[in-house]
Protein chains: 2
Amino acid sequence: MKTYQPRLLQDDLYSIPIDEFFKSAFSVDCVIFGYHECELKILLIQRGTEPYENYWALPGDLVYPNEDLDTAASRILNDLTTLTNIPIKQVKTFGKVDRHPLGRVITIAYLALVEPADLAPHASSWASQTQWHSMNDIPQLAFDHREILDVSLEELKTRILQEDIWHRVLPEKFTLTQFQEVFETILGKAFDKGNFRKKVVKYKFLRKLAEAQTNVSHRPSLLYTFDANRFQEMKANGFSFDF
Amino acid sequence: MKTYQPRLLQDDLYSIPIDEFFKSAFSVDCVIFGYHECELKILLIQRGTEPYENYWALPGDLVYPNEDLDTAASRILNDLTTLTNIPIKQVKTFGKVDRHPLGRVITIAYLALVEPADLAPHASSWASQTQWHSMNDIPQLAFDHREILDVSLEELKTRILQEDIWHRVLPEKFTLTQFQEVFETILGKAFDKGNFRKKVVKYKFLRKLAEAQTNVSHRPSLLYTFDANRFQEMKANGFSFDF
DNA sequence: ACAGTAATTGTAAATTATACAAAAAGCTTT
DNA sequence: AAAGCTTTTTGTATAATTTACAATTACTGT
């Protein structure tokens with residue numbers, strides 16, 4: 001039988017039949033955060049089968065033998081939300097030996113931030129249900145999903161400063177207050193309104209429109225749009241918010 | 001035969017025997033950067049077997065069935081350098097379907113920064129040789145290792161600002177100029193000496209000693225040590241250099 | 001018209017960054 | 001021993017940015 005000779009070791013102590021190495025699987029777990037009106041949520045499914053039956057869990061699936069990892073992540077997100085073209089990016093791989101009761105399964109976590117209102121209401125024609133949970137009230141989770149969620153939240157805090165993922169959770173035309181609220185909610189801290197506004201306006205990728213809010217019982221706010229091109233240019237030069 | 005029913009799909013189109021999923025393997029590739037006197041290097045091995053025989057490659061190995069990912073990374077680093085207790089952290093997982101000619105193998109990249117002089121000279125009792133290469137002169141690499149290296153270099157630039165990995169490439173007692181050179185080399189840009197010094201001194205985790213350099217043909221520099229406790233405290237509060 | 005509310009603009013003080021220049025402390029050369 | 005060379009170390013004047021507020025504005029509802 002052909003054996004796998006570890007390339008880095010000098011003796012034969014650890015010779016293991018190569019087949020033993022090709023008995024693993026990997027899954028992708030999607031950490032799908034939702035933001036709506038100052039609340040951060042997380043999309044969870046309730047498992048319909050063992051192991052961890054009835055537990056809440058991050059939506060995930062095994063990766064098909066001929067499927068790229070990134071493709072698998074997009075597929076799962078799409079199956080679950082019907083959303084397409086959502087940027088979804090790798091966070092980290094979790095690979096403890098005993099993390100999965102059924103065998104050696106490592107999982108690659110992916111992260112996305114979406115607007116919950118964009119989701120097609122998902123009739124659960126299969127056993128497990130899908131539900132948004134507030135980040136302030138997370139049930140016990142299956143596997144090591146709590147750890148994955150914690151790590152991903154930290155990653156979200158980093159990404160929101162570097163990428164334009166906040167764009168997806170705001171309407172096409174938005175106020176600077178709405179913009180500020182996204183950052184306050186996700187980063188978990190408040191900013192001085194006047195100073196925050198001056199800081200972001202000077203970057204020039206938020207473009208002031210001629211329109212204003214209507215039907216608000218106070219001074220109406222001017223509306224802004226996002227100039228994605230300008231942002232990409234700045235990102236290419238290493239731009240990042242320093243909140 | 002038992003089949004794996006993808007949890008997220010509503011029909012049976014994709015039912016695949018579950019065995020098909022457990023035919024993958026994963027490897028760990030170590031991106032070991034070395035810094036010495038204003039030069040950044042990378043540790044490569046020359047492969048002694050197919051595929052990619054004779055190509056230079058990042059040192060890596062398949063992960064044993066009962067081995068944690070982090071453990072595998074430390075093992076490989078230790079086999080190669082005899083170094084222990086080096087912090088080595090995950091960068092990213094690379095999982096294109098066709099990245100490995102022998103089957104479905106995804107690889108998890110890990111990163112470390114070490115002082116080349118610390119390495120026990122490694123008699124190559126096995127076919128492939130191990131060698132430091134300047135980052136300015138990288139040969140063609142096996143698999144997708146060039147991409148892995150590029151991503152890891154970017155990650156190194158981020159980590160050097162947030163973690164104390166620079167500590168390992170400096171002697172116990174070092175000058176502020178040496179300290180500055182590490183950052184200049186890795187980030188690839190120069191800083192004003194006076195201003196750089198003032199900025200880092202005010203953080204208080206570099207402690208001035210009563211000693212100075214000797215036998216230098218110019219004003220001798222005062223020596224500093226690193227106060228790791230103070231740094232950890234600051235890191236816990238979100239500290240990061242803003243060079 | 002007036003009160004209530006949040007948006008927007010303004011500003012003074014404090015802090016930090018930047019670009020240099022000057023002084024200091026060794027060795028080396030004359 | 002003095003003068004020169006080199007790099008460290010400290011200083012400084014200016015510009016730029018941050019911060020904490022205050023003042024003003026523009027709507028709705030009474």
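Because the structure is predicted, anything quoted here is derived from the model rather than measured. Chain naming here is simple, since letters A, B, ... match the order of the sequence lines and numbering starts at 1 in each.
Proximity of B/K202 to the phosphate of C/dT15: no side-chain N or O atom is located under 4.0 Å from OP1 or OP2. Side-chain nitrogen and oxygen atoms of A/S221 include at least one within less than 4.0 Å of the OP1 or OP2 phosphate oxygen of C/dT8.
Spacing between atom NE2 of A/H218 and atom C1' of C/dT5 amounts to 7 Å, rounded to whole angstrom units.
Counting any heavy atom pair closer than 4.0 Å across all strands shown, A/T175 reaches no nucleic acid atom. A/L176 comes within contact range of no nucleotide atom at all, as no heavy-atom separation falls under 4.0 Å.
Counting distance only, with no hydrogens placed and no angle test, the side-chain atoms of A/K198 and the base atoms of C/dT11 include a donor-acceptor pair under 3.5 Å. For D/dT6, the base has no donor-acceptor partner in the side chain of B/R219 [N/O atoms by modelled type, under 3.5 angstrom].
Distance NZ/B/K208 to CG/B/L223: 11.5 Å, rounded to 0.5 Å.
Heavy-atom distances to DNA chain C give each of A/S217 and A/N195 a nearest nucleotide, and the one nearer the 5′ end belongs to A/S217.
A cation-pi arrangement, defined by a distance under 6.0 Å to the six-membered ring centre and an angle within 45 degrees of its axis, is present between A/K92 and A/F94. Remark: B/K189 is not positioned above the aromatic ring of B/F191, lacking an NZ or CZ atom under 6.0 angstrom from the ring centre and at most 45 degrees off the axis.
Residues B/E233 and B/K235 are not paired through a salt bridge, judged by the lack of any N-O separation under 4.0 Å between the basic side chain and the carboxylate.
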